[in-house]
Each structure stands twice: as C-alpha cells, then as structure tokens.
Amino acid sequence: MTYPKRATSKASQTTHQRDHHHDTVQTPITSAAAWESASAIMPNASKLPALFISHGAPTLAIEQSATTSALARIGQNLPKPRAIVIMSAHWQSAKLEISSNPQPKTWHDFSGFAPELYDLQYPASGQPALAETLAQQLTARGITCSVNPVRACDHGVWAPLRHLYPEADVPIVQVSLPQHYDSIACYQLGAQLAHLRDEKILVIGSGNITHNLQALRWDADSIDQAAKSFKQWLLQQLKIDIPTALDWQQYPEYKDIHPSDEHLLPLFFALGAGQRVSVVHQSMAHHSLGMDIYRFD
C-alpha cells in the first residue's frame with residue numbers, strides 16, 4: 001500500500017500510528033470473518049463508494065432542506081449496505097477505538113435545542129462481530145486499537161443517518177477519531193479499510209467541510225465568503241493534488257475556518273477509502289457551516 005507524501009512539513013506536527021510496511025503486499029482488511037457465511041456476500045457484492053457528510057448542527061435531524069434531500073437520495077440510489085463503518089467528529093479518543101455495542105443508544109450530546117430534538121431515537125443495531133474483526137485485523141498490522149462495547153451513537157452519526165436510512169435498518173460500527181491523528185493518519189486508516197467497500201459496507205466520514213462556530217449566525221441567508229473560498233480551494237486539491245489537500249493547514253488563515261481540526265479530519269478518512277472525488281451536494285448553512293457531501297470511488 002502506498003500513501004501520498006506530504007506537500008510540506010506543515011501537514012503534521014503530531015505523532016501517530018503508521019503502517020511502516022506499506023511497500024509489502026498485505027492481505028486486505030475485510031469483513032468476511034464477521035459473517036456466518038462469508039461466501040454469500042462476495043459473488044453479488046456491489047462496490048459502494050465512501051462518503052464524506054457535513055452533518056451541520058444537531059437540527060439537521062429534523063430539517064427538510066437541500067442537504068437532507070441529498071442524503072435521502074443517496075440512501076435511495078445506492079445498493080443497500082450490509083453495514084456502515086463511520087467516523088464522527090464527535091468521538092475523539094486517546095487511542096483508536098471501534099464500537100462493538102450491539103444496541104447503541106441514541107445520544108443527545110448537545111444542549112439548548114428544541115425539546116422535540118431530544119425525543120428522537122435512531123434505533124439502528126450495532127455489529128459486534130464486524131467491530132471485533134476489524135479491531136483484530138488492525139491490531140495485527142501494528143495499529144493500536146480496541147473495541148468499545150458501551151459507546152452510544154452521537155449526533156454526528158444519527159442526525160445524518162436519519163435521512164440517509166430513515167428505517168434505521170443498517171447496522172452501524174463507529175470508529176473513533178484519536179486525538180493524535182492528523183489528516184495523513186486518518187487517510188491511512190481509511191486506506192486500510194478501503195476493501196470493505198467491495199463487501200457492501202458503506203464507509204463514511206461525518207464532520208463539516210467548514211466549521212467555525214464563532215462565525216455562526218443562526219438561520220442567516222448570508223454566506224461566510226472566507227468559508228466558501230476555503231471549501232472551493234480544498235475541493236480543487238482533492239480533485240488534482242491529494243498531497244496538498246492533506247496539507248490543508250498551508251491554507252492562509254485556516255484557523256478562521258477550522259479553529260480545531262476534528263470536523264475536517266473525517267473527510268480524509270473517507271478519502272483514504274476512495275480517492276476519486278465527486279460532489280453530491282454543496283451548500284452553506286447558518287452563515288459559516290459548509291454542508292457539502294462528497295463521494296469517493
């Protein structure tokens with residue numbers, strides 16, 4: 001497995017786990033061991049894309065907008081996944097964890113919103129066998145990893161999935177975002193899991209293409225031009241120059257767009273699992289939140 005080289009030294013100032021044997025041939029990480037009949041999923045498997053979803057504010061869960069319509073169309077048009085493996089910006093951890101909770105609760109991990117938002121439930125099941133399989137395979141490659149049997153689904157997971165799969169009938173395995181991971185580490189993790197797409201498993205990164213809450217203006221029709229310019233620049237790099245996209249912190253005044261990086265990093269997780277980007281949806285919400293959805297094939 002070959003990873004892109006960083007464009008400059010700015011892309012990473014932290015230490016993280018890497019696969020130092022990427023020049024050797026390795027057996028792909030797959031989900032086969034998680035299913036009772038592994039052979040049953042292979043002949044008819046339809047390769048799925050990886051997705052990056054900008055999940056916006058928790059109110060996305062109850063909105064009817066261009067963003068939620070785009071999510072609904074994705075769910076209607078893609079072959080139904082066997083499972084979802086998702087990284088959310090709202091699960092940061094000391095080390096890489098994978099949720100093995102068989103019935104993850106719907107966690108309302110926010111405050112100050114309308115009461116109806118706290119009544120919502122998204123009762124999708126977990127898939128412990130898949131979580132265990134992935135953790136074992138990643139550990140065997142020297143990536144520090146463990147399962148978490150009690151993790152609930154945060155709103156970065158269930159808010160967009162309410163529109164993508166409203167019946168909550170696709171099992172979910174959530175992957176944490178380690179605090180020491182940068183864009184390259186997230187990319188590498190996504191690349192490790194890329195073969196899951198061959199087995200009808202949908203790989204998703206859930207965050208925001210732009211995310212400066214200090215600049216947010218609720219329900220404003222105005223657009224933060226600095227945020228719009230950043231996402232246009234980043235999309236162009238994703239199309240023509242992945243190493244520069246990974247080195248996104250070279251962008252002038254990037255901290256005005258992402259004061260912290262946790263909402264952008266899931267993008268690189270999805271990129272690692274796909275590579276070729278196409279735009280599913282583009283919009284802005286609440287002045288400063290970029291609501292783009294990208295597909296990676």
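We number each residue from 1, following the sequence as shown.
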Chemist: Decide side chain to side chain contact (heavy atoms under 4.5 Å, CB included) for Leu193 and Phe269; before the verdict, give the C-alpha distance in whole Å, the side-chain angles of both, and the deciding distance to 0.1 Å.
Modeler: CA-CA 9 Å; Leu193 303 180; Phe269 173 70; 3.9 Å; yes
Chemist: Roughly how far, to the nearest 0.5 Å, is CD1 of Ile53 from CG of Leu267?
Modeler: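 The CD1 atom of Ile53 is 12.0 Å from CG of Leu267, to the nearest 0.5 Å.
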Chemist: Does Leu265 reach the side chain of Ser183, with side-chain heavy atoms less than 4.5 Å apart?
Modeler: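 Side chain of Leu265 against side chain of Ser183, heavy atoms only: contact under 4.5 Å found.
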Chemist: Are Glu63 and Leu60 close enough, and set up right, to give a side chain to side chain contact (heavy atoms under 4.5 Å, CB included), and what steps lead you there?
Modeler: CA-CA 5 Å; Glu63 290 173 1; Leu60 179 80; 3.9 Å; yes
Chemist: Which heavy atom of Ala135 sits nearest a heavy atom of Ile98, and at what distance?
Modeler: N-CD1, 3.9 Å
Chemist: Take atom CD in Glu167; do more than 12 heavy atoms of anything else shown fall under 6.0 Å from it?
Modeler: no
Chemist: Are Val175 and Trp107 connected in the hydrophobic side-chain network, where two residues link if heavy atoms are under 4.5 Å apart?
Modeler: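 Looking at the clustering, Trp107 is in a separate group from Val175.
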Chemist: Indicate yes or no: does Lys80 engage Asp169 in a salt bridge with an N to O separation below 4.0 Å.
Modeler: yes
Chemist: How many angstroms lie between CD in Glu199 and CZ in Arg82, if you round to the nearest 0.5 Å?
Modeler: 9.0 Å
Chemist: Is there a donor-acceptor contact under 3.5 Å from the side chain of Thr106 to the main chain of Tyr122?
Modeler: yes
Chemist: So which heavy atom on Val157 is nearest to which on Ser88, and how close?
Modeler: CG2-CB, 3.9 Å
Chemist: How far does OG of Ser176 sit from CD of Gln92, to the nearest 0.5 angstrom?
Modeler: 9.5 Å
Chemist: Within the 4.5 Å heavy-atom criterion, are Asn148 and Trp91 side-chain neighbours or not?
Modeler: yes
Chemist: Check whether Leu189 and Ile29 end up in the same hydrophobic cluster, where Ile, Leu, Val, Met, Phe, Trp and Tyr are linked by side-chain heavy atoms less than 4.5 Å apart.
Modeler: yes
Chemist: State, to 0.1 Å, how close Leu177 and Cys186 come at their nearest heavy-atom pair, and which atoms those are.
Modeler: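 Heavy atoms of Leu177 and Cys186 come nearest at CD1-SG, 3.6 Å.
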Chemist: Can a donor-acceptor pair be found between the side chains of Gln237 and Asp247 at a distance below 3.5 Å?
Modeler: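 No, Asp247 and Gln237 have no side-chain donor paired with an acceptor closer than 3.5 Å.
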Chemist: Taking distance alone, no hydrogens or angles, what donor-acceptor pairs closer than 3.5 Å link side-chain atoms of residues 290-297 to residues at least two apart or in another chain?
Modeler:
from	atom 1	to	atom 2	distance (Å)
Asp292	OD1	Lys231	NZ	3.0
Asp292	OD1	Ser283	N	3.3
Asp292	OD2	Lys231	NZ	3.2
Asp292	OD2	Tyr294	OH	2.7
Arg295	NE	Asp297	OD1	3.2
Arg295	NE	Asp297	OD2	2.8
Arg295	NH2	Asp297	OD1	3.2

Chemist: Shared ILVMFWY cluster between Val280 and Ile84, side chains joined below 4.5 angstrom?
Modeler: yes
Chemist: With rounding to the nearest 0.5 angstrom, report the CD1 to CG distance, Ile172 to Leu202.
Modeler: 10.5 Å
Chemist: For a side chain to side chain contact (heavy atoms under 4.5 Å, CB included) check, start with the C-alpha distance between Val173 and Ile201, then their side-chain angles and the critical distance, and finish with the verdict.
Modeler: CA-CA 10 Å; Val173 171; Ile201 294 179; over 6 Å; no
Chemist: What closest approach, in Å, do Leu71 and Pro160 show between heavy atoms, and which atom pair accounts for it?
Modeler: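 Minimum heavy-atom contact is CD1-O, 3.9 Å.
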Chemist: In terms of the angle between their ring planes, are Phe230 and Trp248 parallel, tilted or perpendicular, with boundaries placed at 30° and 60°?
Modeler: perpendicular
Chemist: Would Ser54 and Leu289 count as a side chain to side chain contact (heavy atoms under 4.5 Å, CB included) here? Give the steps.
Modeler: CA-CA 9 Å; Ser54 295; Leu289 291 181; over 6 Å; no
Chemist: What is the distance from atom CG of Leu134 to atom OG1 of Thr30, rounded to the nearest 0.5 Å?
Modeler: 8.5 Å
Chemist: Under the ring-ring contact (aromatic ring centres under 6.0 Å, His included) rule, what do Phe110 and Tyr118 come out as? Steps first, then yes or no, please.
Modeler: CA-CA 9 Å; Phe110 43 79; Tyr118 299 90; 5.2 Å; yes
Chemist: Are Val147 and Leu96 linked, directly or through intermediate hydrophobic residues, by side-chain heavy-atom contacts shorter than 4.5 Å (ILVMFWY only)?
Modeler: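 Hydrophobic grouping puts Leu96 apart from Val147.
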Chemist: Between the side chains of Asp261 and His258, is a donor N or O closer than 3.5 angstrom to an acceptor N or O?
Modeler: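 No, because no side-chain N or O of Asp261 sits under 3.5 Å from a partner of the opposite role on His258.
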Chemist: Stepwise, does the side-chain hydrogen bond (donor to acceptor under 3.5 Å, both in side chains) test hold for Gln174 with Asp154?
Modeler: CA-CA 10 Å; Gln174 189 172 353; Asp154 59 69; 2.7 Å; yes
Chemist: Do you reckon Leu120 sits in the same ILVMFWY cluster as Leu164, going by side-chain contacts under 4.5 Å, direct or chained?
Modeler: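 They do share one cluster, since a chain of ILVMFWY contacts under 4.5 Å joins Leu120 to Leu164.
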Chemist: Does a side chain donor of either His287 or Ser222 reach within less than 3.5 Å of an acceptor in the other side chain?
Modeler: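 On atom types as modelled, these side chains qualify, holding a pair under 3.5 Å.
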Chemist: For Gly272 versus Ala194, what's the shortest heavy-atom pair and its separation?
Modeler: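 The pair with the smallest heavy-atom distance is O-CB, 4.3 Å.
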Chemist: Using ring pair (Phe, Tyr, Trp, His ring centres under 6.0 Å) as the criterion, list what pairs up with His211, not counting sequence neighbours.
Modeler: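 His211 satisfies ring pair (Phe, Tyr, Trp, His ring centres under 6.0 Å) with His263 only.
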Chemist: Is the shortest side-chain heavy-atom distance between Asp219 and His286 below 4.5 Å?
Modeler: yes
Chemist: Give a yes or no answer on whether the side chain of Arg197 reaches the backbone of Leu48 with a donor-acceptor pair at less than 3.5 Å.
Modeler: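 Indeed, once roles are kept as given, a pair shorter than 3.5 Å links the two residues.
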Chemist: Just verifying a value: how many Å separate Ser288 OG and Asn212 CG, rounded to the nearest 0.5 Å?
Modeler: 6.0 Å
Chemist: Tell me, with the steps shown, if Trp158 and His108 meet ring-ring contact (aromatic ring centres under 6.0 Å, His included).
Modeler: CA-CA 10 Å; Trp158 62 264; His108 302 87; 5.3 Å; yes
Chemist: Could you check whether the rings of Trp218 and Phe113 sit parallel, tilted or perpendicular, using 30° and 60° as the cut-offs?
Modeler: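 Aromatic pair Trp218/Phe113 classed perpendicular.
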Chemist: Give the minimum heavy-atom separation between His55 and Asn208, together with the two atoms involved.
Modeler: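 So the two residues come closest at N-OD1, 3.8 Å.
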